[in-house]
Amino acid sequence: MRTDGSAAKCLSLDDALGEILIESTVKVFSMTFGIDVTSQGHQIVPNFQGKGDVSGSVGMVQDRIEASLTVSFPESTILGIINLVYDPAVTEINMSTKQAVGELTNVIYGVIKQALNERGYQFKMAIPSVIVGKSHSIQPISKSSTLVAPFETPYGPFSAYLVLQGQP
């Protein structure tokens, strides 16, 4: 609990959060790789189950709510993107790929956190984890809905997902 008398605002899955997720993701890819990432919009999906070959996930924690951000890539998409900065080229998902996805997830979360905290949400820093496995599924443990934002890059598609714990 906060001791300064202020309380963190409670976040909800809505269009404003969807726009923050999209703007933050597009900004990170532009700044990091100099590539245009096109948003395919966003939607709130009940009982969502995403798929990927490599995914970064980070818990979003504040005083009143917990959430998670996951960024999930097919192998060909992430290899095309990271090979813009890696030399020699990476040809499979390996430790370098995992580190890149973890760092990308961390940077995207940092931009989202900054945007939300400027609006009074008071999210804290967190450490991402990386999940690897051909066509692994991503399914929230809670029965919460998921904010799903698919993107397209010159190297293929990827998606970002936000789940709030305890939300209907």
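- With rounding to the nearest 0.5 Å, the separation of CD1 in I112 from CG in L17 is 7.5 Å.
- Follow the hydrophobic side-chain contacts under 4.5 Å out from V148 and you never reach I131; the two are in separate clusters.
- Atom CE of M31 is surrounded by more than 12 heavy atoms from other residues, nucleotides or ligands within 6.0 Å.
- The side-chain contact (heavy atoms from CB on, under 4.5 Å) check on V28 picks up T32, L104, V107, I108, V111, with sequence neighbours excluded.
- One finds the CE atom of M60 at 11.5 Å from the CE atom of M125 (value rounded to the nearest 0.5 Å).
- When all heavy atoms of L79 and I93 are compared, the pair lying nearest together is CD2-N, 4.5 Å.
- Residues in residues 36-45 take part in these side chain to side chain donor-acceptor pair (under 3.5 Å) pairs, two or more places apart or across chains: D15-H42.
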I would like to know whether S55 and V130 meet side chain to side chain contact (heavy atoms under 4.5 Å, CB included); could you show each step before the answer?
CA-CA 6 Å; S55 301; V130 177; over 6 Å; no

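- Residues meeting the side-chain hydrogen bond (donor to acceptor under 3.5 Å, both in side chains) test with T97, sequence neighbours left out: N94.
- Under the ring pair (Phe, Tyr, Trp, His ring centres under 6.0 Å) criterion, Y155 pairs with no residue, sequence neighbours left out.
- One hydrophobic cluster, built from ILVMFWY side chains closer than 4.5 Å, holds both I22 and L164.
- Both I20 and V37 belong to a common hydrophobic cluster when Ile, Leu, Val, Met, Phe, Trp and Tyr are linked at side-chain heavy-atom distances under 4.5 angstrom.
- Considering only residues two or more places apart in sequence or on other chains, D14 meets the side-chain hydrogen bond (donor to acceptor under 3.5 Å, both in side chains) condition with S12.
- Contact between V58 and A126 at its shortest, heavy atoms only, is CG2-CB, 3.6 Å.
- In terms of heavy atoms, G41 sits closest to P150 at O-CD, 3.5 Å.
- Shown here are the side-chain contact (heavy atoms from CB on, under 4.5 Å) partners of S137, two or more places apart in sequence or in another chain: Q49, K51.
- In terms of hydrophobic clustering, with Ile, Leu, Val, Met, Phe, Trp and Tyr side chains grouped at heavy-atom distances under 4.5 Å, F29 and V85 are assigned to a common cluster.
- Contacts classified as side chain to side chain donor-acceptor pair (under 3.5 Å) and involving residues 98-107 (residues at least two apart or in different chains) are not found.
- Under the rule for a side-chain hydrogen bond (donor to acceptor under 3.5 Å, both in side chains), the partners of T70 that lie at least two apart in sequence or sit in another chain are S57.
- The two atoms that bring F33 and I82 nearest to each other are CE2-CA, 4.4 Å, heavy atoms only.
- Partners of Y161 under the ring pair (Phe, Tyr, Trp, His ring centres under 6.0 Å) rule, at least two apart in sequence or in another chain, are F48.
- A salt bridge (Lys or Arg N to Asp or Glu O under 4.0 Å) check over residues 67-79, counting only residues at least two apart or in different chains, returns the pairs E75-K134.
- Between the CZ atom in F123 and the OH atom in Y109 there is a gap of 6.5 Å [rounded to 0.5 Å].
- Listed for the N83 side chain is no donor-acceptor partner under 3.5 Å among the backbone atoms of A89.
- Remark: L84 CG to I35 CD1 distance equals 6.0 Å, nearest 0.5 Å.
- In this structure E23 satisfies the side-chain hydrogen bond (donor to acceptor under 3.5 Å, both in side chains) test with no other residue, sequence neighbours excluded.
- Evaluation of the ring pair (Phe, Tyr, Trp, His ring centres under 6.0 Å) test over residues 68-92, restricted to residues two or more places apart or in two chains, returns F73-F158.
- In this structure, L162 and L13 approach most closely via the heavy-atom pair O-CD2, 3.9 Å.
- Nearest heavy atoms, I44 versus S145: CG2-CB, 3.7 Å.
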